[in-house]
Amino acid sequence: MNYQSSCEGFDPDPCLSYSNCTLSDYIGNWTEICCQPEEVKDSRYFMLSVIGGVATVGAVCNFITISTFIYLYCFPERIKRKFCQEFSMIKDPVFFLILNLSICDFLYCVIGLPSYWIIYYYGYFPFSERMCKFFGFFRKLIAFLDFNSLAAISAYFASRRGRGRPRNEMGGVRTACHVILCIWTFCLCLTFIPLFGICGEIGYDAVNGRCHVLVCEKCSAESEYICPPGLLLEALGVGVPSLVIICSYTAVYRSLSRAPADAETFSLKRSVVILSVCYFIFILPNAIIYQLPYDISMSAIASAIVHCWYWFIYVVNFFIYITFWGRVRVGIKIFLRDILESCGFKSIQKSQIVRWQDSTSIWWISLRTRE
């Protein structure tokens, strides 16, 4: 494509990938100026600060979660011998589902968010168009993995209400691993659709100034039927998991509503409400605005702000799932203590590690005695 050195009269098409906004077809004095809306450029430092903060905090929090889970699973004998603690939760299927969620969040924070930071810093994508497609594919894949992992966790909570821990724990672990494999397979297949141009396309969107799935009315230029690929992908990757989460947490909350009105029941209800509210507050606005008709002068900055809000979910997940799982807090304390002692720091008194009972540490198991 040939463009003038000035952006005057340049009206970007949201359904067209602009290779000139990448290093593949870089145009001096044009690419740096015309590949982001002015409204987005004006919020550059705000966006860079938010992305840097969320990426840093999210990466650290999720790395701690992943490291702790791996430590608890790989060194149970060491933990029992050194700290007199046992963590039966490592045999619970939801342990692996939350580990998978944390891995996805960590990958988004260390790969997905930095790609946004680079674009907002330079005003265009300073690598090849192929890399732009890869980062767009990767972020969409991780987003779908997050949605479906959250849905799997909520479905597990609902399926276990009133039934306690599975009798065959190792069978439950195998089931969790199969579920995780199915989630990854489904999300990969779904994200391959725009990557290979089957329906839609991933590229540089000069309307909003980022690499992602382009918003078109048809699957391809040759298609005769109106079938927005973005809407199709969001319906399968976001809509279906949303329905699962709504139904699952509604079932769990109804079970808790029939329980005695004591302090513990109130705490359980509160955790379910917070899980559901955080999901809708942080995730769904981004999915909704992604499907709105474009008005370049207004939607670019609005989309950027909603994206900033959405990114917080990659930090919030850590606090939500860890705050209401007390046993993990103990595991983190033991993990950090073991690292510090191995590095030669002064030993912490055993009294500073709180003793917990596994039988009451996982809140959904309490549903067994409350229905």
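Values reported hereafter were calculated over all heavy atoms of this structure, with side chains retained and with hydrogens, waters and symmetry mates removed. Along the sequence shown, residues are numbered consecutively beginning with 1.
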Backbone of Cys61 reached by a side-chain donor or acceptor of Thr65 within 3.5 Å | yes
Verify the cluster assignment for Leu233 and Leu243: are they in a single hydrophobic cluster under the rule of side-chain heavy atoms below 4.5 Å apart?
-> no
Validation row: Trp30, Cys35 side chains within 4.5 angstrom (heavy atoms) | yes
Run the salt-bridge test on Glu341 and Arg337 with the 4.0 Å N-O cut-off and return the result as yes or no.
-> yes
Are any side-chain N or O atoms of Glu32 and backbone N or O atoms of Asn29, one a donor and one an acceptor, separated by less than 3.5 Å?
-> yes
Rounding to 0.5 Å, atoms NE2 (His212) and NZ (Lys133) come to a distance of 11.5 Å
Can you name the closest pair of heavy atoms from Ala176 and Pro93 and give their distance?
-> CB-O, 3.6 Å
Do Val60 and Ile51 sit in the same hydrophobic cluster, where Ile, Leu, Val, Met, Phe, Trp and Tyr count as joined when their side-chain heavy atoms come under 4.5 Å apart?
-> yes
Strictly under 6.0 Å, is that where the ring centroids of Tyr314 and Phe106 end up?
-> no
Could you tell me whether a side-chain N or O of Arg44 sits under 3.5 Å from a main-chain N or O of Tyr121, the two making a donor and an acceptor?
-> yes
When rounded to the nearest 0.5 angstrom, what is the spacing between CD in Gln36 and NZ in Lys41?
-> 7.0 Å
Geometric class of the Tyr124/Tyr122 ring pair [parallel <30°, tilted 30-60°, perpendicular >60°] = perpendicular
If only atom types and distance count, is the side chain of Ser248 paired as donor or acceptor with the main-chain N or O of Ala158 below 3.5 Å?
-> no
Any Asp146 side-chain heavy atom under 4.5 Å of Tyr108 side chain | no
Indicate the atoms forming the closest heavy-atom contact of Pro37 with Gly209, along with that distance.
-> CD-N, 4.3 Å
Answer yes or no: is there a side-chain heavy-atom contact under 4.5 Å between Phe144 and Leu236?
-> no
Can you spot which of Ile202, Thr191, Ile111, Leu195 makes a side-chain contact (heavy atoms from CB on, under 4.5 Å) with Phe138?
-> Ile111
Indicate if Leu181 and Phe95 have the same hydrophobic cluster label, given that clusters are the connected sets of ILVMFWY residues with side-chain heavy-atom separations under 4.5 angstrom.
-> no
Kindly state whether the ring of Phe10 and the ring of Tyr18 have centres lying under 6.0 angstrom apart.
-> yes
In terms of hydrophobic clustering (I, L, V, M, F, W, Y; side-chain heavy atoms under 4.5 Å; direct or indirect links), are Leu97 and Leu99 co-clustered?
-> yes
Between CZ on residue Phe134 and SG on residue Cys211, distance to nearest 0.5 Å | 12.0 Å
Note: Pro14 and Leu214 closest approach over all heavy atoms is O-CB, 3.6 Å
Taking the six-membered ring for Trp, are the ring centroids of Phe137 and Phe192 within less than 6.0 Å of each other?
-> yes
Trace of the side-chain contact (heavy atoms from CB on, under 4.5 Å) decision for Tyr26 with Thr22 = CA-CA 6 Å; Tyr26 175 86; Thr22 70; over 6 Å; no
On the ring face of Tyr116, is Arg210 found with NZ or CZ under 6.0 Å from the centre and within 45° of the axis?
-> no
Minimum side-chain heavy-atom gap Thr185-Cys189 below 4.5 Å | yes
Has the side chain of Ser115 got a donor or acceptor atom that lies under 3.5 Å from a matching backbone atom of Gly112?
-> yes
Indicate yes or no for a side-chain donor-acceptor contact from Ser67 to the backbone of Ile64 under 3.5 Å, with no hydrogens or angles considered.
-> no
Hey, any chance Trp184 and Val244 share a hydrophobic cluster, counting ILVMFWY side chains that come within less than 4.5 Å of each other, even indirectly?
-> no
Side chains of Phe87 and Ile334: closer than 4.5 Å at any heavy-atom pair?
-> yes
Using atom types as modelled and distance alone, determine if a side-chain donor or acceptor of Ser128 lies under 3.5 Å from a backbone N or O of Met131.
-> yes
Between OG on residue Ser17 and CD on residue Glu201, distance to nearest 0.5 Å = 5.0 Å
Is a side-chain donor-acceptor pair under 3.5 Å present for Ser149 with Asn100?
-> yes
Examine distances only and state if a side-chain atom of Asn62 and a backbone atom of Gly58 form a donor-acceptor pair shorter than 3.5 Å.
-> yes
For the residue pair Glu129 and Leu23, establish whether any side-chain heavy-atom pair is separated by less than 4.5 Å.
-> no
Flag the pair Pro229 / Ile193 as yes when at least one side-chain heavy-atom distance between them is below 4.5 Å, and no otherwise.
-> no
Give the C-alpha distance, both sets of side-chain angles, the deciding distance and a yes or no for salt bridge (Lys or Arg N to Asp or Glu O under 4.0 Å) between Lys140 and Glu234.
-> CA-CA 10 Å; Lys140 182 60 69 174; Glu234 295 296 315; 2.8 Å; yes
Taking the inter-plane angle between the rings of Tyr71 and Phe335 on a 0 to 90° scale, is it parallel (under 30°), tilted (30 to 60°) or perpendicular (over 60°)?
-> tilted
Point-to-point distance, once rounded to the nearest 0.5 Å, from CG of Leu113 to CZ of Phe135 = 11.5 Å
Shortest non-hydrogen contact from Ala55 to Cys109?
-> CB-O, 3.6 Å
Where is the tightest heavy-atom contact between Ala59 and Val110, given as atom of each residue plus distance?
-> CB-CG1, 3.9 Å
For Gly28, does its backbone N or O pair with a side-chain atom of Thr31 as donor and acceptor, under 3.5 Å?
-> no
Separation between CG (Leu145) and CD1 (Ile180), nearest 0.5 Å, reads 10.5 Å
Are any of the side-chain heavy atoms of Pro76 and Leu72 separated by less than 4.5 Å?
-> no
Write down the atom of Ser154, the atom of Ala151, and the distance for their closest heavy-atom approach.
-> OG-O, 2.8 Å
In this structure, are over 12 heavy atoms from other groups packed under 6.0 Å from Phe186 atom CZ?
-> yes
Under 2.5 Å between the sulfurs of Cys34 and Cys21, yes or no?
-> no
Is there a donor-acceptor contact under 3.5 Å from the side chain of Asp205 to the main chain of Val207?
-> yes
